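Structure record follows, encoded as structure tokens.
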Amino acid sequence: MLAERVQRVMAAWAAEEGWREAPICQLERPAEEAHGDYATPVCMQMARAARRSPRHLAEELRLRLLADKEVARLVESIEVAGPGFLNLYLNGTAYSEAMTEMLAQGEEIGRVPPRAHPRINLEFVSVNPNGPLHVGHGRYAAYGDSLHRLLAFSGANVTTEFYINDFGRQMDRFGRSVAARYAQSFDLDLPVPGDGYQGDYVNEIAAGARAKVGDRYVAALRPAAVERRPAAAAGAESGGAPSPRAGEDLAAMAEEVFEDEGAEESSDWPQDPGVLEAVAFFKSWGCQAMLEGMRTELAGFGVLFDCWFSETALHSSGRLERVVQRLLETGEAYREGDAVWLRTTSRGDDKDRVLIRSNDQPTYFAADIAYHEDKLERGFEHLINIWGADHHGYVPRMNAAVEILSGRPGTLEVIIGQLVNLLEEGALKQMSTRRGEMVTLAELIDAIGVDAARFFLVSRSQDQTLDLDIDLARRHSQENPVYYVQYAHARISGIVRNVPEGTVTAISEGSGVFASPYERALIKRLESFSSVVQDAAERRAPHRIVAYAQELSADFHVFYKHCRVIGAEPDDASARFALCLVVRRVVFRCLDLLGVSAPESM
RNA sequence: GCGCCUGUAGCUCAGCUGGAUAGAGCAACGGACUUCUAAUCCGUGGGCCGCAGGUUCGAAUCCUGCCAGGCGCGCCA
């Protein structure tokens, strides 16, 4: 309103002076209170073209603005300041009208009406279902879910998705690990493979399987138990590496084999049909059990997915094969040296990438292409993927692939989330999924609760590595800023409970309400909410909501200290009550966007 | 070697599609509860915004180079 009016004055001035176009007079909200409610640097920007000093221009603009009826109605004073800034001070009418408008917006203040297009698919977490979710996954879950809420609130059409990496060697190892624990529970001497999963949760899954199928697979697994030992020694020496590398330190090689997830198959379990069938069963069983656990855990964390998509299904349905075939036909893919390659260099990648290896096995990349083709065929027009920083090297090829599939660049948007460093007793805590050494999301939630965990995990920009001190999280849980924000909500709820019967929310014009700087600061903050939401959504930056929520809460707590609602003069009481209600709606919304609860009392 | 991310107060970090004297929380110190919840408020101290150039009326912000840390650079997933 004011901004538009100012722009109109600007345009009229430009017309008078014969300027080709009116300079855009951006009204900013200065950080410094002494710089007014609004400020504009426009005169400094136009000084050169106008060949006049910024302060002279500012003085003329000041007079022109004051001469405008509508501007004069809302503005207390206008000052020329500094090198040529124009500072505008609003009067009580402007504040009252702003509040009246915000009050009328109701519960959904700040929400943008839903748009049908583009249809957005937002994929995040997407892990191998072979171990507990750890804190890093928790960060992606919290970030992705908040982003989902933020995008939806700002009108986007978003579907969330969890890609289940239930295919490949890691899952085979997981299956053998469960099988081994199962066998052990029947006193069979079948150790968990060295490259397998050692965590206690594997025992629990095996126990669950035993409760379901009894001893059905014990006999089938016996060959693995008997034959394993002698083979193990030989396996360790060759390390499963296809070509011996003379001169390399044996210990270093062994270390590499252990750490390298991409090492060639090193399991020495016999390829006995019974064993294979048993392992397949335990893999499937374990996968289902883990997924069920994750679904429950994520739901408890406030994160619900619209769709869970299985990688294995891409292989079994033939989609993977079809897309590779299609790419070969269109010439985007080609055969070379027994392998099939995708020409990703045509879309900005450093080198072409293998789709089908020379042993006829498809790569993970090929499956991912099939997956993204599926997303496109389901009608999604924009695909957002949230990946860990350790996958960022994968971005160019995937961008290229989706561009090839969709025929237009920019369809895929990969958001790289940096990792979480866990500190314990001031030292970095190293984690390994297979050894079962890690801090799980469940442990973090146990230590500090869902609200604090979610608030904390999204409080920093996602492209910033996040240091999480476990001891601090435990010890200072009371001092987490989440309580500061929740407390603002609880305090307002207290006012709502205690307000005398018949108190109305009304802002009477000309009654001199909202005269204090505390009320005005709050109103200004509330007014910026919708632009903060838009900004946070566009920049995929939910942490801005965290910062805003803290600022709004701070403004409220100061207001609360200085301004009574109950017991104030009737005009003030009604106006402040209205103000409180709007603050509560916005605080509630911020917390909701973050997946944090908004308590009525604390 | 190449690519991506990061370097801001003692600590953890905002601010980065350029604006005035660079902010918050924690930690430290000193104050405020006969009033709607003191999980709060008020005050004090604390900074070559990694370094050096450049663009601009104006740079923490944009460009270049350098230094430091993290991650990545497979016919692994």
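These numbers were taken from a predicted model, which means no experiment stands behind them. Computed from heavy atoms alone, side chains included, the values below leave out hydrogens, waters and symmetry copies.
If you take atom C1' in rC36(B) and the same atom in rC49(B), they sit 42 Å apart, rounded to whole Å. rA20(B) and rU56(B) have their C1' atoms separated by 16 Å, given to the nearest Å. Atom name P, nucleotides rG23(B) and rG45(B): the rounded distance is 14 Å, in whole Å.
Per the geometry, CZ belonging to F455(A) stands 14 Å off P belonging to rA14(B), to the nearest Å. One interatomic measurement links the two molecules: CG of D463(A) to C1' of rG7(B), which rounds to 13 Å at whole-angstrom precision. L552(A) places its CG atom 17 Å from the C1' atom of rG23(B), with the value rounded to the nearest Å. Taking atom OH on Y394(A) and atom C1' on rG3(B), their separation rounds to 18 Å, with Å as the unit. Atom CZ of R564(A) is separated from atom P of rC33(B) by 16 Å (rounded to the nearest Å). Taking atom CH2 of residue W387(A) and atom C1' of nucleotide rC4(B), one finds them 13 Å apart after rounding to whole Å. Straight-line distance from the CG atom of L419(A) to the P atom of rG69(B): 18 Å, rounded to whole Å. The interatomic distance linking Q418(A) (CD) with rU12(B) (C1') rounds to 17 Å, in whole Å.
For the pair R357(A) and rA77(B), the criterion of a side-chain N or O lying under 4.0 Å from OP1 or OP2 is met. For rG74(B), the OP1/OP2 oxygens have no side-chain nitrogen or oxygen of R397(A) closer than 4.0 Å. Contact annotation: Y484(A) reaches the phosphate of rC41(B) (side-chain N/O to OP1 or OP2, under 4.0 Å).
Across all strands, F365(A) comes closer than 4.0 Å to no nucleic acid atom at all (heavy-atom distances). If you check every strand for non-hydrogen atoms under 4.0 Å, A488(A) touches nothing. At a threshold of 4.0 angstrom between heavy atoms, the contacts of L466(A) are confined to the sugar-phosphate backbone, with no base atom among them. The residue P83(A) sits apart from the nucleic acid: no heavy atom pair falls under 4.0 Å. Contacts of H391(A) with the nucleic acid, taken as non-hydrogen atoms under 4.0 Å apart, include base atoms. G337(A) comes within contact range of at least one nucleobase, with a heavy-atom separation under 4.0 Å. In this structure, Q464(A) reaches the sugar-phosphate backbone alone: every heavy-atom distance under 4.0 Å involves primed, P, OP1 or OP2 atoms, never a base. Counting non-hydrogen atoms under 4.0 angstrom, A490(A) reaches a base of the nucleic acid. Using a 4.0 Å heavy-atom distance criterion, V558(A) is classed as a sugar-phosphate-only contact. Contact annotation for N165(A): no contact, since no heavy-atom pair falls under 4.0 Å across all strands.
Side chain of R491(A), nearest nucleotide from rA20(B), rA38(B), rG72(B): rA38(B). Considering only the side chain of Y560(A), rA38(B) comes nearest among rA39(B), rC41(B), rA38(B). Which of rC41(B), rA14(B), rA77(B) sits closest to the side chain of E311(A) comes down to rA77(B). Closest approach to the K351(A) side chain among rU40(B), rG74(B), rG19(B) is made by rG74(B) (side chain taken as heavy atoms from C-beta onward).
Using a 4.0 Å cut-off between a side-chain N of Lys or Arg and a carboxylate O of Asp or Glu, E60(A) and R55(A) do not qualify as a salt bridge. The existence of a salt bridge linking R353(A) and D349(A) is confirmed by a sub-4.0 Å separation between a basic side-chain nitrogen and an acidic carboxylate oxygen. A salt bridge links K375(A) with E123(A): the distance from a Lys NZ or Arg NE/NH1/NH2 to an Asp or Glu carboxylate oxygen falls below 4.0 Å. Ion pairing between E79(A) and R62(A) fails under the 4.0 Å rule for side-chain N and carboxylate O.
rA20(B) has its base stacked against the ring of H35(A), the centroids being under 5.5 angstrom apart at an interplanar angle below 30°. Residue F85(A) and nucleotide rA20(B) are classified as a stacked aromatic pair, their ring centres being separated by less than 5.5 Å at an interplanar angle below 30°.
Summary of the strand contacts: G168(A) and K561(A) both lie near RNA chain B, and taking for each the nucleotide with the nearest heavy atom, the more 5' one is attributed to K561(A).
Within 3.5 Å, a donor on the side chain of Q45(A) pairs with an acceptor on the base of rG19(B), or the reverse. Residue side chain S358(A) reaches the base of rC75(B) through a donor-acceptor N/O pair under 3.5 Å, judged by distance alone. The base of rU17(B) lies close enough to the side chain of R539(A) for a donor and an acceptor atom to sit less than 3.5 Å apart. Between the side chain of N130(A) and the base of rA77(B), no donor-acceptor pair of N or O atoms lies under 3.5 Å.
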Quiz item: Pairs counted as Watson-Crick or G-U wobble with both distances under 3.5 Å: what dot-bracket string results for RNA chain B, using | for bases tied to another strand?
Solution: (((((((..((((.....[...)))).(((((.......))))).....(((((..]....))))))))))))....
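Two rings, from Y371(A) and F309(A), have their centers less than 6.0 Å apart.
Under the 6.0 Å distance and 45° angle rule, R491(A) counts as a cation-pi partner of Y560(A).
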